[in-house]
Amino acid sequence: MRIALKITLALTLWTIGVLAVTSERELDHEFSLIEEDLAEALVLIGRSLAPVLEDAWVRGGPERVEQLTRAAYSSEQAVHLRWYPPGLAPSDGAGLAAAHARAVAGETQTVRWPDEGEPEAIVTYVPLHHTDGSVATIELRRSLDVRRAFAERTYRQLWLTAAVIGVCSALMAVGLGWLLVGQRVGRMVGLLRAVGRGEKARPLPTRAHDELSELTVAMNQMVEDLEDARARSERESAERERLTQELRHTDRLATIGALMSRLAHELGTPLNVIAARTKLVARGQVDGEAAIANARIAAEQTDRITAIVRSFLDFSRRSRESQRFAPAVAVVEHIEALLGGLARERHVELVVGTRCDAHIRGDLLLLQQAVTNLVVNALDVSPPQTRVTVDVTTVEVEPPPGRGRPGRYVCITVGDRGPGIDPEVLPHLFEPFFTTKDPGKGTGLGLSIASGIVQEHHGWIAVSTDKGTGTQFMLHLPIADAES
Ligand code: ADP
């Protein structure tokens with residue numbers, strides 16, 4: 001609609017401009033015709049008066065002529081009459097003096113007054129001949145006020161016409177513009193906004209046969225294509241999500257599988273303790289306080305077995321959790337029960353620090369899987385008699401570009417005293433299927449899955465490694481508060 005208004009405004013201005021130029025030329029033409037008519041009329045009047053005045057001059061002398069011309073001048077005539085006796089000439093302009101001189105020479109003269117600029121009057125000099133041979137003149141002066149009045153009237157008419165054209169055009173532009181353009185463009189804008197908001201949009205009607213209809217058809221087609229693409233992309237992303245969950249679950253089962261052989265060994269020690277202690281009580285070898293102490297030890301070992309089995313079961317189950325508000329240390333609580341056996345087998349000390357009171361929000365099982373993958377890698381590279389540390393703290397840090405604002409984050413650090421990571425391996429660390437382990441030993445998925453999980457929780461993993469001294473993986477997560 002605004003375009004229609006602009007076009008109409010431009011057309012109206014153009015029309016008014018053309019009207020003004022043609023009217024100006026027309027007016028000039030009219031003016032010259034008026035001037036010609038007036039000049040002819042003055043000459044006619046002058047020539048008609050000349051014989052009468054000549055006769056009065058001869059008979060009554062200059063006084064009589066003066067008297068007659070003054071009488072004519074004093075009356076309310078449009079033509080002003082004045083007589084110049086011999087030897088007298090007009091003094092209000094060189095052009096008039098020259099015309100008068102030519103009239104004295106015997107030729108009737110008509111000129112405009114003043115000589116330069118916009119003329120105010122037409123002046124005619126007619127010679128009067130005396131019988132004694134002297135020559136006087138009469139001056140006939142006609143004001144051009146009639147011309148100014150005509151111009152004013154014409155300009156008034158022109159502006160009125162322009163105003164009528166302008167108002168009519170604007171009204172038509174608003175009406176037709178709304179009907180033919182504004183309404184339809186409005187619908188198109190509505191359609192595009194709905195598509196932008198991700199709503200399902202109904203195609204627009206395309207009844208008319210004009211450019212806007214072509215645009216509407218193209219837009220309907222585009223919306224339809226977008227709908228298809230969105231549906232396809234939703235299907236693909238659902239499938240991708242399903243496959244990711246599947247892959248993560250497979251990764252968990254692979255970790256469990258690798259740890260399974262140690263499970264029996266893990267359970268062996270507490271079972272032996274339980275058996276020995278309960279036998280002592282059963283055989284009556286201990287009683288009273290000693291029997292109670294033995295029963296308490298047996299109960300503690302049962303709790304340990306329960307914790308180990310629960311850790312394995314929890315870890316192997318499929319994640320059904322959504323985002324949960326939990327203490328950050330909950331992400332590492334399972335490590336001891338799950339990987340303690342593996343660490344002992346490797347003669348590596350596994351130290352898990354749980355003295356952080358910050359909270360996070362997320363899927364605990366997935367986050368536990370991410371940390372487990374880091375600890376399994378650390379244990380894999382740790383030489384015997386060294387230590388793998390898992391620590392939960394908060395740090396003031398600037399995230400990598402695009403991962404959030406600088407500030408305080410939860411940081412779960414997994415450190416080892418292994419051989420460190422080669423600089424050429426570092427850029428590929430988080431690539432899926434990248435492994436430096438022997439065939440059959442590594443899948444190359446542990447770090448890529450861990451990094452995917454952490455990114456889903458708006459965090460990131462940083463690595464610090466030193467050839468010979470070991471590696472630290474730092475898993476960063478946003479700190480959450482209960483309301484967030
Ligand atoms: P995988 O353990 O199956 O090889 P990952 O994605 O977990 O797959 O690890 C990829 C590679 O990263 C490993 O093969 C290893 O070369 C390197 N890596 C991971 N953690 C460490 C570590 N703590 N110290 C040295 N290298 C490591």
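Positions are given from 1, in the same order as the sequence printed here. We count ligands from 1, going down the list as the structure has it; atoms in each ligand are counted the same way.
- Applying the salt bridge (charged side-chain N to carboxylate O under 4.0 Å, His left out) rule to pairs touching residues 444-459 yields Arg248-Glu456, sequence neighbours excluded.
- Arg230 and Asp225 are not joined by a salt bridge, as no carboxylate oxygen comes within less than 4.0 angstrom of a charged side-chain nitrogen.
- In the model, His428 has a side-chain atom that pairs as donor or acceptor with a side-chain atom of Glu431 under 3.5 Å.
- A search for side-chain hydrogen bond (donor to acceptor under 3.5 Å, both in side chains) contacts involving Arg277 returns Asn294, not counting sequence neighbours.
- Among pairs with a residue in residues 151-176, none fulfils ring pair (Phe, Tyr, Trp, His ring centres under 6.0 Å), at least two apart in sequence or across chains.
- Using modelled atom types and a 3.5 Å distance limit, the side chains of Thr372 and His334 yield a donor-acceptor pair.
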Could you list each N/O atom of ligand 1 together with any protein N/O atom closer than 3.5 Å, one pair per line with the distance?
{"residue": "ligand 1", "atom": "2 (O)", "partner": "Asn377", "partner atom": "OD1", "Å": "3.0"}
{"residue": "ligand 1", "atom": "2 (O)", "partner": "Lys437", "partner atom": "NZ", "Å": "2.5"}
{"residue": "ligand 1", "atom": "3 (O)", "partner": "Thr443", "partner atom": "N", "Å": "2.9"}
{"residue": "ligand 1", "atom": "3 (O)", "partner": "Gly444", "partner atom": "N", "Å": "2.8"}
{"residue": "ligand 1", "atom": "4 (O)", "partner": "Thr435", "partner atom": "OG1", "Å": "2.6"}
{"residue": "ligand 1", "atom": "6 (O)", "partner": "Gly446", "partner atom": "N", "Å": "3.4"}
{"residue": "ligand 1", "atom": "6 (O)", "partner": "Leu447", "partner atom": "N", "Å": "2.8"}
{"residue": "ligand 1", "atom": "7 (O)", "partner": "Asn377", "partner atom": "OD1", "Å": "3.3"}
{"residue": "ligand 1", "atom": "7 (O)", "partner": "Asn377", "partner atom": "ND2", "Å": "2.7"}
{"residue": "ligand 1", "atom": "7 (O)", "partner": "Leu447", "partner atom": "N", "Å": "3.3"}
{"residue": "ligand 1", "atom": "8 (O)", "partner": "Gly444", "partner atom": "N", "Å": "3.4"}
{"residue": "ligand 1", "atom": "14 (O)", "partner": "Thr435", "partner atom": "OG1", "Å": "3.3"}
{"residue": "ligand 1", "atom": "14 (O)", "partner": "Thr436", "partner atom": "N", "Å": "2.8"}
{"residue": "ligand 1", "atom": "14 (O)", "partner": "Thr436", "partner atom": "OG1", "Å": "3.2"}
{"residue": "ligand 1", "atom": "16 (O)", "partner": "Thr436", "partner atom": "OG1", "Å": "2.4"}
{"residue": "ligand 1", "atom": "23 (N)", "partner": "Asp416", "partner atom": "OD2", "Å": "2.9"}

